[in-house]
Amino acid sequence: MSETERALGKSGVSVPALGVGTNRWNTGEPGQARLNETLAAAVEVGMGFFDTAEIYSFGRSERALGVAVRQDGRPVVVASKFAPLPARITAAQFDSALDRTLKRLGRESIDLYYLHFPYSPRGVGTWMKAMTKAVESGKIRAAGVSNCNVAQMRKAADVLARYGIPLAANQVQYSLLHRAPETNGVLDACRQMDVALVAYRPLAGGAVSTGSRKRQGPAALAGTLQEVATTRDATTLQVALAWLLKRDDHMIAIPGATKPDHVRQNSRALALELSDEEFAAIDWASMPTPAR
Ligand SMILES: NC(=O)c1ccc[n+]([C@@H]2O[C@H](COP(=O)([O-])OP(=O)(O)OC[C@H]3O[C@@H](n4cnc5c(N)ncnc54)[C@H](OP(=O)(O)O)[C@@H]3O)[C@@H](O)[C@H]2O)c1
């Protein structure tokens, strides 16, 4: 595992600490050629970890990612997600959804497969049991959950453990404008259970550095990020990503990008080591209700 890689829990799979979210990738706009360039840029800068899902652009994100991966030819790590829609209640439906994902991606296996959300008439356990079969058949290398609270994480981990499979990751929203995983127990659970916390919307859709929300924390946050960015000759978004990565070793972030330049800029966060003082200043400034 290189210095900028992090483990997906105890799954044996490791990924770059920063990946690329592809929920706006599709075969229409912004155009396959630019997405191919975006993927190539990510591989070049050590961010070859791509996050997609069957429901992104109705499968077109998976298809566009598959095309870009084949065009590039270099090895990458790919994660996708199963959506437990209300009409989906059987393991056979899970199997065929995974098969369609593999077909759209043009692969025989994917590195990480998540349960996209826990809201399902069948509950988390049923889908984790289906995950174990997918691991055993070699169609997926690691099993994860997304948008799960601590109880749902533990349930998922318990079911997988019966088959000797570790829970690899919980993908949840986490940014300097959305720090709920620190207060709802998810970050602590990831540490205790040795599960990766994959942070989605880590840039708050780009708003993390503008302080656009009218609360004391974010307003102060914009200024503090700018101060650190100026000192470090970096951008505020790079500082925001570096803060997340320093927050915990279990953290992996997947900023969404459809432009090669955005990927290249984000990659600088991998080498941006914030000092403890810089980290603490950002920490304090981003707290919605500061403790002092
Ligand atoms: N599990 C879930 O339920 C869930 C939910 C939401 C998202 N996700 C995943 O998380 C990923 C990230 O979330 P997100 O895309 O919603 O939000 P995000 O990562 O916080 O922000 C993405 C936005 O930031 C822009 N951006 C990226 N790098 C930039 C840079 N260096 N300078 C300026 N702008 C930059 C992107 O622009 P361009 O597109 O123009 O490059 C895009 O508009 C998604 O792609 C998806 O894979 C998962």
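Please read all numbers here as calculations on a predicted model, not as lab measurements. Residues: numbered from 1 along the sequence shown. Indexing begins at 1, ligand by ligand and atom by atom, following the structure's order.
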Participant: Under 4.0 Å from a heavy atom of N147: which atoms of ligand 1 are those, numbered in the order shown and with their elements?
Facilitator: 1 (N), 2 (C), 3 (O)
Participant: In terms of hydrophobic clustering (I, L, V, M, F, W, Y; side-chain heavy atoms under 4.5 Å; direct or indirect links), are V263 and L245 co-clustered?
Facilitator: yes
Participant: Starting from atom 12 (C) of ligand 1, which protein heavy atom do you reach first, and at what distance in Å?
Facilitator: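 So the nearest neighbour among protein heavy atoms is I254 O, 3.1 Å.
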Participant: If hydrogens are left out, which of Y56, F117, Y174, Y200 has an atom nearest to atom 46 (C) of ligand 1, that is, the closest non-hydrogen atom?
Facilitator: Y56
Participant: Which heavy atom of P181 sits nearest a heavy atom of V172, and at what distance?
Facilitator: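 In terms of heavy atoms, the two residues are closest at CG-CG2, 3.9 Å.
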Participant: Could you check whether the rings of H116 and Y56 sit parallel, tilted or perpendicular, using 30° and 60° as the cut-offs?
Facilitator: perpendicular
Participant: What protein heavy atom sits nearest atom 23 (C) of ligand 1, and how far off is it?
Facilitator: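 So the nearest neighbour among protein heavy atoms is R24 NH2, 3.5 Å.
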Participant: Tell me: protein heavy atom nearest atom 28 (N) of ligand 1, and distance?
Facilitator: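 Its nearest protein heavy-atom neighbour is N266 ND2, 3.0 Å.
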Participant: Can you find an N/O atom of G256 closer than 3.5 Å to an N/O atom of ligand 1?
Facilitator: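 So ligand 1 has an N or O lying under 3.5 Å from an N or O of G256.
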Participant: Does an N or O anywhere in L203 fall below 3.5 Å from an N or O of ligand 1?
Facilitator: yes
Participant: Check the orientation of F50 and W25. Use parallel for under 30°, tilted for 30 to 60°, and perpendicular for over 60°.
Facilitator: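 Taking W25 first and then F50, their aromatic rings sit tilted (interplane angle of 30° to 60°).
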Participant: Where the closest heavy atom to atom 26 (N) of ligand 1 is concerned, which of K81, H116, H262, H178 has it?
Facilitator: H262
Participant: What part of Q173, side chain from CB on, backbone N/CA/C/O, both or neither, has a heavy atom under 4.0 Å from ligand 1?
Facilitator: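 Looking at Q173 and ligand 1, no heavy atom falls under 4.0 Å.
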Participant: I'd like to know if the side chain of S286 pairs up with that of R179 as donor and acceptor (distance under 3.5 Å, no hydrogens or angles considered).
Facilitator: yes
Participant: For ligand 1, does K259 get within less than 4.0 Å through its side chain, its backbone, both, or neither, judged by non-hydrogen atoms?
Facilitator: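 It is both parts that get close, each with some atom under 4.0 Å.
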Participant: Can you pull out the closest protein heavy atom to atom 47 (O) of ligand 1? Residue, atom name and distance to 0.1 Å, please.
Facilitator: D51 OD2, 2.7 Å
Participant: Considering only non-hydrogen protein atoms, determine which one is nearest to atom 16 (O) of ligand 1 and report residue, atom name and distance to 0.1 Å.
Facilitator: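 Ranked first by proximity to atom 16 (O) of ligand 1 is R201 NH1, 3.0 Å.
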Participant: Could you tell me which residues satisfy side-chain hydrogen bond (donor to acceptor under 3.5 Å, both in side chains) with T258, sequence neighbours excluded, listed by chain and number?
Facilitator: R34
Participant: For ligand 1, which atoms, with element, lie under 4.0 Å from some heavy atom of A204?
Facilitator: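 Numbered from 1, ligand 1 contributes 20 (O).
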Participant: If you take the centroid of each ring, where Trp contributes its six-membered ring, are F94 and Y113 closer together than 6.0 Å?
Facilitator: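 Ring-ring flag for Y113/F94: true, centres closer than 6.0 Å.
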